[in-house]
Number of protein chains: 2
Amino acid sequence: MTEPRWLDETQLDAWKRLVSVVELLPGVLDSQLRRDAGLSHFEYYVLAMLSEAPDRSLRMTRLAAKTDATLPRLSHVVARLEERGLVERLPSADDRRVTNAHLTDAGWDKIVATAPGHVETVRTHVVDPLTDEEIGQLDTIAGKILERLDPENRTGVRRT
Amino acid sequence: MTEPRWLDETQLDAWKRLVSVVELLPGVLDSQLRRDAGLSHFEYYVLAMLSEAPDRSLRMTRLAAKTDATLPRLSHVVARLEERGLVERLPSADDRRVTNAHLTDAGWDKIVATAPGHVETVRTHVVDPLTDEEIGQLDTIAGKILERLDPENRTGVRRT
DNA sequence: GCACGGTCCTTGACACGACAACTGATCCCA
DNA sequence: TGGGATCAGTTGTCGTGTCAAGGACCGTGC
């Protein structure tokens, strides 16, 4: 066993703050969306990714990648969203293993109605307190971390 | 209802990357610790905060603040850690409402044994890919976000 | 044409966090 | 000195994620 390379104080401070953000941010997003729209942040994100996709539909695997979710997790969530009429699942004709998740009109309306309030929350808690320069730094830093967290770059959120 | 102020492309990119980090990081930390030590990251963090505290003990409320957890959550987790002999709960003499969580010797041994591997994971995924300058930026940025997420500054991780 | 490995997705069982309700203890002020 | 408000923590229930297993389908080798 090699000698551990401990973190210096600066590194530890930054790390602890990142941990706090990671612990607290989901709760804040969830409670705003839950209150205003009856959606978890993850559900919202699923709808949002579909709304941006061509034909408002994506196959499950691709949607899972875009939302950083495991397939079982996505499957459960989409099942619930389907029960609520926000999404429908359509078996693909070419490859009958694949399921396409498609945003319904009700789902589209839902996200259109929900987006402004959510964006406002994101602004309040993340975007507005930062300068333009810091936004750029955040982009770079998060990008570098993602390269390690997700080397496959499944999400396609990273350019490099 | 006022017109929503949408995010520009740069802001949206940075936001999406932050969301990805927030979604992926906990899973990576959890699986390493689960595999190597049979602990969730949150359990590890609880033990770590206790190990740094005077007398290796903290009252539940303070510990909850330091770990960014709600009291019910902490209560459940400490109950489990107590069953495993890593922590013990001692009622306070001065204020009989208060419970002090105290790290046992077994708990101390556990974290001493676990820390090097965990630090290595943190290095690999977060610290090492960033320059010293970026570590400083991350500290600043996370600090500003925390000011909004947690205005009470319960954790005491923030200086300002 | 069929078997076998790999892919895509679903399902069920279990673990953990959130929320609300509750117990006990302390504080405060009449 | 009592009674209401507040505080510290615990407990129970429910929703949701994870993990392991399984089912359906594809594609290649023979």
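Naming convention: chains lettered A, B, ... in sequence-line order (proteins, then strands); numbering from 1 in each chain. These values consider heavy atoms only, across backbone and side chains, with no hydrogens, waters or symmetry-generated copies.
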Original post:
Quick one: B:Leu81 CG to D:dT10 P, roughly how many Å, whole number?
Top reply: 13 Å
Original post:
From D:dT13, D:dG17, D:dA20, pick the nucleotide closest to the side chain of A:Pro72?
Top reply: D:dA20
Subject >> Salt bridge flag under 4.0 Å for residues B:Asp68 and B:Arg73 >> reply: no
Original post:
Heavy-atom distance under 4.5 Å between the side chains of B:Val21 and B:Arg17, does that happen here?
Top reply: no
Original post:
A:Asp30 near the nucleic acid: base, sugar-phosphate alone, or nothing, with a heavy-atom cut-off under 4.0 Å?
Top reply: nothing
Original post:
To the nearest angstrom, how far is A:Arg73 atom CZ from C:dC16 atom P?
Top reply: 17 Å
Subject >> Length of the line joining A:Leu39:CG and D:dG15:P, which is rounded to integer Å >> reply: 16 Å
Subject >> Candidate nucleotides C:dA18, D:dC26, C:dG12, ranked by approach to the side chain of B:His76 - the nearest >> reply: C:dA18
Subject >> Side chain of B:Thr70 - closest among D:dT10, C:dA18, C:dA25 >> reply: C:dA18
**OP:** Ignoring backbone atoms, establish whether A:Arg35 has a side-chain N or O less than 4.0 Å from OP1 or OP2 of C:dA18.
**Re:** no
Original post:
Do A:Lys66 and A:Glu52 meet the salt-bridge criterion of a basic N to acidic O distance under 4.0 Å?
Top reply: no
**OP:** Give the rounded distance in Å between these two atoms: CG of A:Leu24 and C1' of C:dG17.
**Re:** 14 Å
Subject >> Minimum-distance nucleotide (side-chain atoms of A:Val77 versus C:dT10, D:dG17, C:dT26) >> reply: D:dG17
Original post:
Under 4.0 Å between a Lys/Arg side-chain N and an Asp/Glu carboxylate O for B:Arg5 and A:Asp128?
Top reply: yes
Original post:
To the side chain of B:Arg89, which of D:dT18, D:dT10, D:dC7 is closest?
Top reply: D:dT10
**OP:** Measure from CG on B:Leu71 to P on D:dC7 and round the result to the nearest Å.
**Re:** 13 Å
Original post:
The side chain of A:Arg97 lies closest to which of these nucleotides: C:dT26, D:dT11, D:dC25?
Top reply: D:dC25
Subject >> Residue met sooner reading DNA chain D from 5', once A:Asp94 and A:Arg80 are mapped to nucleotides >> reply: A:Arg80
Original post:
If you check every side-chain atom of B:Phe42, which of C:dG17, D:dA8, D:dT18 has the closest atom?
Top reply: C:dG17
Subject >> Protein-nucleotide distance (A:Arg59, atom CZ; C:dC8, atom P), rounded to Å >> reply: 5 Å
**OP:** Can you figure out which of C:dT26, C:dG12, D:dT16 approaches the side chain of A:Glu43 most closely?
**Re:** D:dT16
Subject >> Spacing between B:Leu74 atom CG and C:dA18 atom P, to the nearest angstrom >> reply: 11 Å
Original post:
Is the number of heavy atoms from other residues, nucleotides or ligands under 6.0 Å of A:Asp132 CG greater than 12?
Top reply: no
Original post:
Does B:Arg96 make a side-chain N or O approach to OP1 or OP2 of C:dG24 shorter than 4.0 Å?
Top reply: no
**OP:** Give the rounded distance in Å between these two atoms: CG of B:Leu29 and P of D:dT18.
**Re:** 14 Å
